[in-house]
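Sequence lines set the chain letters: A, B, ... in the order given, protein chains first and strands last, and positions in each chain run from 1. On a predicted model such as this, the values are computed, not experimentally measured, just so you know.
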Protein chains: 2
Amino acid sequence: MSDAPSAVSRTPVWKSISISLTDDIAQGRYGTADKLPSEAQLAARFGVNRHTVRRALAAMAEQGLVHARRGAGVFVAAAPTDYPIRKRVRFHQNIQQGGQTPAKQILMLETRIASLIEAEALALEPGSSVHVYDGISLANNHPIALFQSVFPAKNLPGMLTALEQRQSVTEALKDCGVADYTRAETRITAKLATATQALHLRISEGAPILRTTGVNIDPRGQPVEFGRTWFAGDRVTLTVDGR
Amino acid sequence: MSDAPSAVSRTPVWKSISISLTDDIAQGRYGTADKLPSEAQLAARFGVNRHTVRRALAAMAEQGLVHARRGAGVFVAAAPTDYPIRKRVRFHQNIQQGGQTPAKQILMLETRIASLIEAEALALEPGSSVHVYDGISLANNHPIALFQSVFPAKNLPGMLTALEQRQSVTEALKDCGVADYTRAETRITAKLATATQALHLRISEGAPILRTTGVNIDPRGQPVEFGRTWFAGDRVTLTVDGR
DNA sequence: CGCTAGTATTTGTCTAGTTGTATAGTTCAT
DNA sequence: ATGAACTATACAACTAGACAAATACTAGCG
């Protein structure tokens, strides 16, 4: 009691180790399928007992970041996914290119009146109706991001059922007659995870989140999708090409 | 626990325990870096509750006499070491001059791209690669400081292996053709120990730390090392010569 | 060259001990 | 009553060491 510098270490040591290693992976210090230093070496590096390192690694393994092979070592399972933001942003393509398996989980599909923001982004009359697609993006069966896609309902009948069957936005749009689309603009900001977001993304509340907002347009320049995506900050690295 | 009857001021039990243990250390019954008996054992010896012993130990820790490591025990802290900062700062020399045995423990050796700060300190092009040497400085086998030495990679091939074998920066540099070097500038600031630093230095989180930042240059004035050192504040006294 | 056997590493599991922290209760002097 | 000193108990976090099980490495042999 009565310690002057009461900067109480509320976070357990193993958690800070886990964060440090996760960051190392995120920074590319250890690449996908790379072997981490042995538990003994890590224990020496962090100045703790091997068991404390093990607890940190266990937490990372639970998140699917690493996996251990007895006698061999601990390997990076999924380096933070590189998610390129280009003219043509395609979730499935982006994930597959990184050697991972993409998937989507539907949270909600509905048709409703567009909000002001949505109407403006899609260049719609106020009061127009839109299809809304809420869901979770997964890579290798681990949640990467939450998203909400908003489509103008007028030109896209049957979009909801198409989304339900296809899961892929690209293919659903193709079913509805939109063969191609490109990203007109993307905005990126940093947020902190709310409780619900944290739950869905399997991160802790208050963890950093990358929010991107983008509008996709068809070749004629008509907006076809207004999308917002919340990426788990430590699981994804957004990369923006020069152009 | 009864007599000394009407005396107005009775010293608390924990204080007398603290005095007793302090005396034991002063008498050399527990030497530097020795582990004291566990709190439970001390509680039994003094016939009190463990918490009373803890209060005594807390008082001693506040005076820098002992330091506790969770799960490991309570250890007798070392007397502060004098560390002179001069034109030629040499760790091994400095420690030996104080009659102690120097040693270094490698935490990490790597080659990577220089950060902005590092590039500027070493007068390198942005994006140049550097050798980085993370480690712990020990005197008489207990930690004095954490350090990070950054060397320009271009002029120093084989520096990492040299460091691995030699441990001494001076000798490793000699192996790489740098016969002599002097300290161009040293900055000193005070910080608080982070969790990891505290673990390595065997101090408590939030304890004071002296951070020195320095650049060493070769006789031609070329920067050869950018070093940062975090000294355990209550274990080291930095001295600066008038010179 | 390929195979095997032995050795060293590395992760998995178990047991035991130690400090850190929280809660609750007792005693006692003022 | 009130608060300080101390006791009692329980659990969390971390250390320490040992051993088993799986893997990687290496030397030697055919």
Protein-nucleotide distance ([X], atom [atom1]; [N], atom [atom2]), rounded to Å:
X        : N       : atom1 : atom2 : answer
Phe46(B) : dC6(D)  : CZ    : P     : 13 Å
Leu36(A) : dT10(C) : CG    : P     : 13 Å
Lys35(A) : dT11(C) : NZ    : C1'   : 10 Å
Arg55(B) : dA8(D)  : CZ    : P     : 18 Å
Arg50(A) : dT13(C) : CZ    : C1'   : 9 Å
His67(B) : dC14(D) : NE2   : P     : 14 Å

Using OP1 and OP2 only, check whether a side-chain N or O of [X] sits under 4.0 Å from [N].
X        : N       : answer
Thr52(A) : dA13(D) : no
Arg69(A) : dT10(C) : no
Trp14(B) : dC6(D)  : yes
Arg54(B) : dG20(C) : yes

Out of [options], whichever nucleotide has its closest atom nearest the side chain of [X]:
X        : options                   : result
Glu39(A) : dT11(C), dC6(D), dC14(D)  : dT11(C)
Arg70(B) : dG20(C), dT11(C), dC6(D)  : dG20(C)
His51(A) : dT15(D), dT11(C), dA13(D) : dT15(D)
Asn49(A) : dT13(C), dT19(C), dA16(D) : dA16(D)
Ser38(A) : dG12(C), dT10(C), dT15(D) : dT10(C)

Ala72(B) or Gln41(A): which one's nearest nucleotide on DNA chain C is closer to the 5' end? Gln41(A)

From CA spacing to verdict: ring pair (Phe, Tyr, Trp, His ring centres under 6.0 Å), Phe151(B), Tyr133(B): CA-CA 8 Å; Phe151(B) 309 89; Tyr133(B) 177 17; 7.3 Å; no

Earlier contact from the 5' end, DNA chain D, for Lys15(B) and Gly71(A): Lys15(B)

Taking C-beta and beyond as the side chain, do Leu57(A) and Leu36(A) meet within less than 4.5 Å on heavy atoms? yes

Do Arg55(A) and Thr52(A) have a side chain donor and acceptor closer than 3.5 Å? no

Which residues pass the salt bridge (charged side-chain N to carboxylate O under 4.0 Å, His left out) test with Arg45(A), sequence neighbours left out? none

What residues, two or more places apart in sequence or in another chain, satisfy salt bridge (charged side-chain N to carboxylate O under 4.0 Å, His left out) together with Arg202(B)? none

